[in-house]
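Position 1 is the first residue of the sequence, and the numbers go up from there.
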Amino acid sequence: MALQLDKIFVNLPVKNLKNSIEFFSKIGFAFNPQFTDDNATCMVISDHIYVMLLVEPYYQTFTNKEIADASKTNEVIVCVSADSREQVDEIVNKALEAGGKPSNDKQDHGFMYGWSFQDLDNHLWEVMYMDPSAVQQQ
C-alpha cells in the first residue's frame, strides 16, 4: 500500500503578515486563531489543507537556505481546486481586486480550466477546475 498522509501544511514566507491576512481574507479564506500570532498564521484551505504564512525572519528559523525572492525566481506554485469554472474566475478576480497581480492567462482544456495570480509576496497561485466526469474516464 502506498504511503498516505492526512494533512498538508504549505509554509510560505511573507513580508507583512497583517497585509497578507487582509489580502487572503478578501479572497474568502479563514484563519485558525489558535495558530496565529505576530510571526505566523494558519490559513485554512480545507479540512486537510493549510497554508502557514510566516514572516520572513521567523520563516528563516526553519531553513539554512536563503529565502527565494519570489519576484525574481519561482520556488513553488500552489494549486488549489475549485468547484466550478465560475468559482475559478471568482477567486482569481477577488485576488486581483485585493492587490494581487496577474500570472498566466486563463487556460481552457475543455475538461480542465484554470487561471492564476500572484499574491502580495509574488507567490504563484493556480486555481483550477476539472470536470469530474473527465476524471472518471481517465
Please check if [X] and [Y] belong to a single hydrophobic cluster, counting links between Ile, Leu, Val, Met, Phe, Trp and Tyr side chain heavy atoms closer than 4.5 Å.
X    : Y    : result
I77  : M52  : no
F24  : I49  : yes
V78  : M130 : no
W115 : L124 : no

Please step through side-chain contact (heavy atoms from CB on, under 4.5 Å) for the pair Y50 and V10, ending with a clear verdict. CA-CA 6 Å; Y50 308 90; V10 176; over 6 Å; no
Does the side chain of [X] reach to within under 4.5 Å of the side chain of [Y], using non-hydrogen atoms?
X    : Y    : answer
Y59  : I67  : yes
L120 : V14  : no
Q107 : M112 : no
F31  : S25  : yes

Do the side chain of [X] and the main chain of [Y] share a donor and acceptor less than 3.5 angstrom apart?
X   : Y    : answer
Q87 : D83  : yes
S20 : N16  : yes
S81 : M128 : no
T73 : A70  : no
H48 : K7   : no

Test side-chain contact (heavy atoms from CB on, under 4.5 Å) on F9 and F35 and set out the steps. CA-CA 12 Å; F9 293 84; F35 299 106; over 6 Å; no
Can you establish whether the number of heavy atoms outside [X] located under 6.0 Å from its atom [atom1] is more than 12?
X    : atom1 : result
D37  : CG    : yes
K106 : NZ    : yes
D69  : CG    : yes

Could you work out, with side-chain hydrogen bond (donor to acceptor under 3.5 Å, both in side chains) as the rule, every residue matching T63, not counting sequence neighbours? none
Only distances under 3.5 Å count here; give the side-chain donor-acceptor pairs of residues 89-98 to other protein atoms, sequence neighbours excluded, each with its distance to 0.1 Å.
from : atom 1 : to   : atom 2 : distance (Å)
D89  : OD1    : Y113 : OH     : 2.6
D89  : OD2    : Y113 : OH     : 3.3
E90  : OE2    : K94  : NZ     : 3.2
N93  : ND2    : D89  : O      : 3.0

Strictly below 4.0 Å, N to O, side chains only: are E22 and K18 in salt-bridge contact?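 Between K18 and E22 there is no salt bridge, as every charged N stays at least 4.0 Å from the carboxylate O atoms.
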Aromatic rings F111 and H109: how do their planes relate, parallel, tilted or perpendicular, breaks at 30° and 60°? tilted
Which atom pair, heavy atoms only, marks the closest approach of [X] to [Y]?
X    : Y   : result
A82  : V88 : CB-CG2, 3.7 Å
C42  : T36 : N-OG1, 3.8 Å
G110 : R85 : O-NH2, 2.6 Å
H123 : P13 : NE2-O, 2.7 Å
F23  : G99 : CE1-C, 4.1 Å

Return the [atom1] to [atom2] distance between [X] and [Y], rounded to the nearest 0.5 Å.
X    : Y   : atom1 : atom2 : result
L17  : E56 : CG    : CD    : 11.5 Å
L53  : L12 : CG    : CG    : 6.0 Å
Y129 : S84 : OH    : OG    : 7.5 Å

Assess the residue pair L54 and N11 against the criterion (side-chain contact (heavy atoms from CB on, under 4.5 Å)); give the C-alpha distance rounded to whole Å, side-chain angles, the decisive distance to 0.1 Å, and a yes or no. CA-CA 7 Å; L54 311 170; N11 294 279; 3.8 Å; yes
Does any pair with a residue in residues 111-127 pass salt bridge (Lys or Arg N to Asp or Glu O under 4.0 Å), and if so which ones, sequence neighbours excluded?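 The answer is none; no pair qualifies.
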